[in-house]
Amino acid sequence: MSVAVEHPSALTHAAAHWHALQRDGDLSPSQQRAFMQWLLVSPEHLREYMVISEVAGAMGEAFRTMPVDVDTLLQTPAPAGNDHNVVRLPPRPAAAPAARSARPVRGMPRIAVAAAVMLGVGILTTLAWPRTGHYVAAHGAPRQIILADSTVVHLDAESEISVRMTLLGRRVELERGQASFVVGKDRRPFAVHAAGLQVTDIGTTFDVSLLREQARIGVSEGRVHVRSDGGRGRMLADLGAGQAARIDYRDQQVRVSEEDAASIIAWWSGRVVFRDEPLRDVADRFNRRNTLRLHVSDDAGALRLTGNLRSDDVASLRAFLDQQPTLATQRSADGIHVRMRTALPPL
């Protein structure tokens with residue numbers, strides 16, 4: 001069937017505006033209250049918003065790959081000089097026209113109509129109202145979290161995330177430490193924000209770690225895109241399974257390396273796997289899990305090491321460090337101190 005293109009009504013403009021804000025996840029608490037008040041003004045508001053949501057759902061893949069400004073699209077005028085311009089639409093299901101009836105059936109009790117409207121609003125509230133959460137893993141106590149969309153988060157000790165899920169998006173903020181994500185299947189895009197970076201999932205199991213001087217993103221399954229400026233900037237890395245990127249905080253230089261996919265998530269089972277990593281970062285990973293702390297001097301902190309040790313085996317870590325020809329360790333009341341060996345005087 002063919003229909004003529006019509007300019008959207010003010011109600012459609014308003015519904016599309018609220019939908020775009022919900023999709024971007026930028027509504028403040030006061031705006032959320034205003035949105036819910038707008039929905040309760042009339043059943044027509046609810047119906048129009050549901051229509052916009054239905055169209056957006058059908059375009060789920062397009063929302064994943066490109067930013068859509070619904071307000072701009074609605075304000076674009078129809079092409080001039082083409083009064084016969086038509087657009088083909090798929091046939092509506094038979095029940096659809098009845099669902100958009102503007103007035104209640106004659107004789108239907110008003111209380112039943114009100115109950116139906118409130119039921120619809122209640123369902124929409126459940127879907128549209130953002131779900132937020134804040135999760136912290138204490139020192140020595142990594143934890144596993146299952147989010148509302150069935151995403152499994154492995155949160156390392158001394159780590160912290162905030163989660164926000166809306167009708168059209170899933171956003172996690174890694175505030176400190178390290179977290180891995182086994183992303184639940186959902187049409188809504190999933191993104192992790194950390195240190196000004198946005199890591200966008202494309203059917204993935206991946207890991208994000210905030211180190212002292214750089215962020216490290218590793219992928220054990222699937223693929224992720226990493227962008228600067230909170231997702232608004234340039235593409236910094238396109239990572240597949242078995243790849244990791246280290247991105248400097250200061251200048252955002254990117255170093256991509258090939259990694260064993262299993263080693264990226266080895267810390268889930270209590271191992272610390274490090275490959276050509278600065279000693280200061282290795283020490284931080286051990287210190288999250290143990291009461292006996294490793295204190296690394298400034299000159300020794302930049303030394304790069306490779307190893308695979310249990311995170312709770314500090315004795316093996318000390319033995320490993322003592323094997324390094326340039327390092328010396330010393331046990332004291334506050335932990336193990338690591339420094340560069342003093343050069344022997346020439347004979």
Item checked: Nearest non-hydrogen partners of Arg293 and Glu158, listed with the distance -> NH1-OE2, 4.3 Å
Next item on the list: Provide the closest heavy-atom pair for Val208 versus Phe181 in the form atom of the first, atom of the second, distance.
Entry: CG2-CE1, 4.4 Å
Next item on the list: Determine the sole option in Arg171, Glu175, Glu173 for which the side chain to side chain donor-acceptor pair (under 3.5 Å) test with Ser162 is passed.
Entry: Glu175
Next item on the list: Taking the side chain as every heavy atom from C-beta outward, state whether Leu211 and Asp284 have any pair of such atoms under 4.5 Å apart.
Entry: no
Next item on the list: May I ask you to decide whether Asp299 forms a salt bridge with Arg339, counting only side-chain N to carboxylate O separations under 4.0 Å?
Entry: no
Next item on the list: Answer yes or no: are there more than 12 heavy-atom neighbours, outside Asp334 itself, under 6.0 Å from its atom CG?
Entry: yes
Margin query: For Phe286 together with Phe320, are the ring centres under 6.0 Å from each other?
Written below: no
Item checked: Any donor-acceptor pair under 3.5 Å from Thr204 side chain to Asp201 backbone -> no
Item checked: Ile202 side chain near His225 side chain, heavy-atom distance below 4.5 Å -> yes
Notebook entry, point to check: If only atom types and distance count, is the side chain of Arg331 paired as donor or acceptor with the main-chain N or O of Ile336 below 3.5 Å?
Noted result: no
Check: In terms of ring plane angle, is the pair His154 and Trp268 parallel, tilted or perpendicular, where the classes change at 30° and 60°?
Finding: parallel
Next item on the list: Apply the test side-chain hydrogen bond (donor to acceptor under 3.5 Å, both in side chains) to residues Arg288 and Gln178: give CA-CA distance (whole Å), side-chain angles for both, the deciding distance (0.1 Å), then the verdict.
Entry: CA-CA 10 Å; Arg288 289 178 190 163; Gln178 181 174 7; 3.3 Å; yes
Margin query: Distance check, rounded to the nearest 0.5 Å: Asp312 atom CG versus Leu317 atom CG?
Written below: 11.5 Å
Checklist line | Shortest non-hydrogen contact from Leu239 toward Ala245 | finding: CD1-CB, 3.8 Å
Note to self: For the backbone of Leu294 and the side chain of Asn287, can you confirm whether one donor and one acceptor N or O come within less than 3.5 Å of each other?
What the structure shows: yes
Note to self: Is there a path of hydrophobic side-chain contacts, each under 4.5 Å between heavy atoms, that joins Trp38 and Leu167?
What the structure shows: yes
Next item on the list: Examine distances only and state if a side-chain atom of Ser220 and a backbone atom of Ile264 form a donor-acceptor pair shorter than 3.5 Å.
Entry: no
Margin query: Measuring only between side-chain heavy atoms, which start at C-beta, is Leu303 closer than 4.5 Å to Val296?
Written below: no
Checklist line | Short side-chain donor-acceptor distance under 3.5 Å, Ser332 and Gln330 | finding: no
Item checked: Side-chain donor or acceptor of His139 paired with backbone N/O of Asn290 under 3.5 Å -> yes
Item checked: Candidate pair Arg289 and Asp156, rule salt bridge (Lys or Arg N to Asp or Glu O under 4.0 Å), full reasoning -> CA-CA 9 Å; Arg289 302 286 190 105; Asp156 198 7; 2.9 Å; yes
Note to self: Between Ser311 (side chain only) and Val272 (backbone N and O only), is there a donor and an acceptor less than 3.5 Å apart?
What the structure shows: no
Check: Tell me, do Arg234 and Leu236 make a side-chain contact under 4.5 Å, heavy atoms counted?
Finding: yes
Notebook entry, point to check: How long is the gap from CG on Leu279 to CD on Gln324, to the nearest 0.5 Å?
Noted result: 9.0 Å
Margin query: For Gln144, is the CD atom crowded, meaning more than 12 foreign heavy atoms sit under 6.0 Å from it?
Written below: yes
Item checked: Short side-chain to backbone donor-acceptor contact, Arg285 and Val273, under 3.5 Å -> yes
Item checked: Intermediate values then yes/no, side chain to side chain contact (heavy atoms under 4.5 Å, CB included), Val136 and Glu160 -> CA-CA 4 Å; Val136 178; Glu160 187 172 356; 3.7 Å; yes
Note to self: Minimum heavy-atom separation for Arg246 and Arg275, please, with both atom names.
What the structure shows: NH2-O, 4.0 Å
Notebook entry, point to check: With hydrophobic residues grouped by side-chain heavy-atom distances under 4.5 Å, do Val192 and Val182 end up in a single group?
Noted result: no
Notebook entry, point to check: Can you tell me if Arg280 uses its side chain to pair, donor with acceptor, with the backbone of Ala300 under 3.5 Å?
Noted result: no
Item checked: Nearest-0.5 Å distance, OG of residue Ser209 to CD of residue Gln214 -> 9.5 Å
Notebook entry, point to check: Between atom OG of Ser263 and atom CG of Asp207, what is the distance when rounded to the nearest 0.5 Å?
Noted result: 10.0 Å
Next item on the list: Determine, step by step, whether Glu213 and Arg250 satisfy the side chain to side chain contact (heavy atoms under 4.5 Å, CB included) criterion, reporting the C-alpha distance in whole Å, the side-chain angles of both residues, the deciding distance to 0.1 Å, and the verdict.
Entry: CA-CA 8 Å; Glu213 298 177 354; Arg250 184 177 57 182; over 6 Å; no
Item checked: Side chain Arg212, main chain Asp281, donor-acceptor under 3.5 Å -> no
Notebook entry, point to check: Looking at side-chain heavy atoms only, is the closest gap between Leu11 and His45 below 4.5 Å?
Noted result: yes
Item checked: Shared hydrophobic cluster for Ile265 and Val226 (ILVMFWY, side-chain gaps under 4.5 Å) -> no
Note to self: Do Leu197 and Tyr249 sit in one hydrophobic cluster, given that two such residues count as connected whenever their side-chain heavy atoms are within less than 4.5 Å of each other, even indirectly?
What the structure shows: yes
Check: Is the backbone N or O of Arg188 less than 3.5 Å from a side-chain atom of Arg170, with the two atoms forming a donor-acceptor pair by type?
Finding: yes
Checklist line | Euclidean distance, Gln252 CD relative to Ile247 CD1, rounded to 0.5 Å | finding: 7.0 Å
Notebook entry, point to check: Can Leu155 be reached from Val199 by stepping across I, L, V, M, F, W or Y side chains whose heavy atoms are under 4.5 Å apart?
Noted result: yes
Margin query: So, applying side chain to side chain contact (heavy atoms under 4.5 Å, CB included) with Thr151, which one of Val172, Val183, Ile145, Val163 is it?
Written below: Val183
Note to self: Checking side-chain polar atoms at under 3.5 Å, does Glu258 have a donor or acceptor matched by the opposite partner on Gln243?
What the structure shows: yes
Next item on the list: Check Ser159 against Gly177 and note the closest heavy-atom contact, atom names and distance.
Entry: OG-CA, 3.2 Å
Next item on the list: Locate the shortest heavy-atom distance separating Ile146 from Ser150; write the atom from each residue and the value.
Entry: CG2-CA, 4.2 Å
Checklist line | Side chains of Arg164 and Thr132 in contact at under 4.5 Å (non-hydrogen atoms) | finding: yes
Check: Roughly how far apart are Phe190 CZ and Met165 CE, rounded to 0.5 Å?
Finding: 6.0 Å
